[in-house]
Amino acid sequence: MPRTRRRHRTPSPDLYVDNLYDRDECPSYKRRRVSNYDSYSSRHLRSDKFHQSTSNYSPDYYRGDKLSYRDRSYSPDRQLPRRHRDSFGSSRYRSQRNSHHSHHSSRHEKRRRHDRRRRSNSSQISRSRDNSERAPSIEDDEEGHLIYRQGDLLQARYEVIRTLGEGTFGKVVEVKDNQRNGQQLALKIIKNVEKYREAAKLEINVLEKLMERDPEGKHLCVRMLDWFDYHGHMCLAFDMLGLSVFDFLKDNGYQPYPMHQVRHMSYQMCYAVKFLHEMHLTHTDLKPENILFVKSDADATYNAKKKKDDLRVRDTSIRLIDFGSATFDHEHHSTIVSTRHYRAPEVILELGWSQPCDVWSVGCIMFELYTGYTLFQTHDNKEHLAMMERILGSLPYRMTKKSRKTKYFYHGRLDWDDNSSAGRYVRDNCKSLRRYMLGDTQEHRELFDLVERMLEYDPTQRITFEDVLKHPFFDALPAHQRCDEEESKNVNRERSHSLSR
């Protein structure tokens, strides 16, 4: 197996689970996952709305480094609120009641009945709490995760069903929305830790703006249906989706997707990111893990040669997720963005970046869907640049001259020893882009022509998504798979006109 092929990883949860490891810090060439919330830039909050807490709690129960608030809005499965502790059933009240019993027998009889009912309810609550062994208050574990159980009700609305996954940011939980006729949603519960909480607020700001522009999700970005602050935990509610295109690829033994599926998924990615760019927004973290199938149901065909099933996803409709690192044009731009394998050369050379870095990332993703493995499988900047030169040709002198990373270059050329162990690896495992073609038909040539334009070194010369969608590679896309209704009508009109000649 060539070293460029991605190796197997530990299975990860299906949905919205941020990556757990940093590929750049991996000592081997195994592909590992990076926490999106660990790489946030220190941007200022963009809305005063996030300083308003929607939770209903009493600050009397602050305990050290952990927040443990007793919810006053919900009591059936928790300790009775403080306002009831000196109620009719207390010993203090009973002594007062007995001293005036002769004058107020009628009124006290009613109170005795109320007292019996309250004691009965209290014992039932106590038994329920003992059986489930649940804490009487909202508590966090040592890492800041919210402690919850199946059946818990959040915001008197979201009923916990099961945990979908866990990451450094928090947990993702499948919940039932009782205000949406029991619709099942994915609830992202952020740790009660300041840096993750602030990062979540930045993502919420982006998602709210996306919802304002596209409330129906027609531009294929995941919809945030609700968000709230639950006792210090930022919670984001999303539609339930399927596996990521990477997880499906991994489960299928890294067998590449068929060409017609590559075309449809690539078209949708370009359409979604074009929408972001029209909003003057750069995603900055596009990768197969952040592209999710709406439904990942698949058909299995037994492969006698490999002695296992080959999977083929039935519906290639996708959604773009994870806007935690998305950056508007007017905001501060971090020096380094993107996951290593999809990082554009201008980012590595620290020349500044904008929307074209997303185009580079999508080009790398399209290559991966087509071949089944990563184009640039490395963890080192200089080796990464050497791979680029081996696959795409020499870096432009005008870019290397401007770079502040002068240690990578000598007299404007990459300072790279082809005879070193790393040099031999790059030479033996990387080849020019066109040599990766799996066929020599027109559609294969069109795909690689498009990928070449997306992997243009100079970001000012790189193709835009507006022109990408007009590329001949997408001419064969069926009309019903096109996202733009007007575009679909134009294609049908052109085809019918050509047939009538």
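The structure presented is a predicted model; accordingly, all values stated were derived computationally and were not measured. Throughout, residue positions are numbered sequentially from 1 according to the sequence presented.
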Residues D329 and Q355: side-chain donor-acceptor under 3.5 angstrom: yes
R434 vs D449 side-chain heavy atoms within contact, under 4.5 Å: yes
Aromatic ring proximity H384/F376, centre distance under 6.0 Å: yes
Output field: ring centroids F248/F293 closer than 6.0 Å: yes
Centroid separation F228 to Y158 less than 6.0 Å: yes
Presence of salt bridge, D440 and R445, under 4.0 angstrom: yes
Pair S244-D247, side-chain donor/acceptor within less than 3.5 Å: yes
Salt bridge R462-E346, side-chain N to carboxylate O under 4.0 Å: yes
Cation-pi geometry met for K188 and F169 (6.0 Å, 45°): yes
With E194 via salt bridge (Lys or Arg N to Asp or Glu O under 4.0 Å) - residues at least two apart: R197
Sole residue of Y342, F323, W353 in ring pair (Phe, Tyr, Trp, His ring centres under 6.0 Å) with H283: F323
R223 NZ/CZ over F238 ring centroid, <6.0 Å and within 45° of normal: no
Under 3.5 Å: donor-acceptor pair, side chain of N303, backbone of K307: no
Short side-chain donor-acceptor distance under 3.5 Å, K306 and Q255: yes
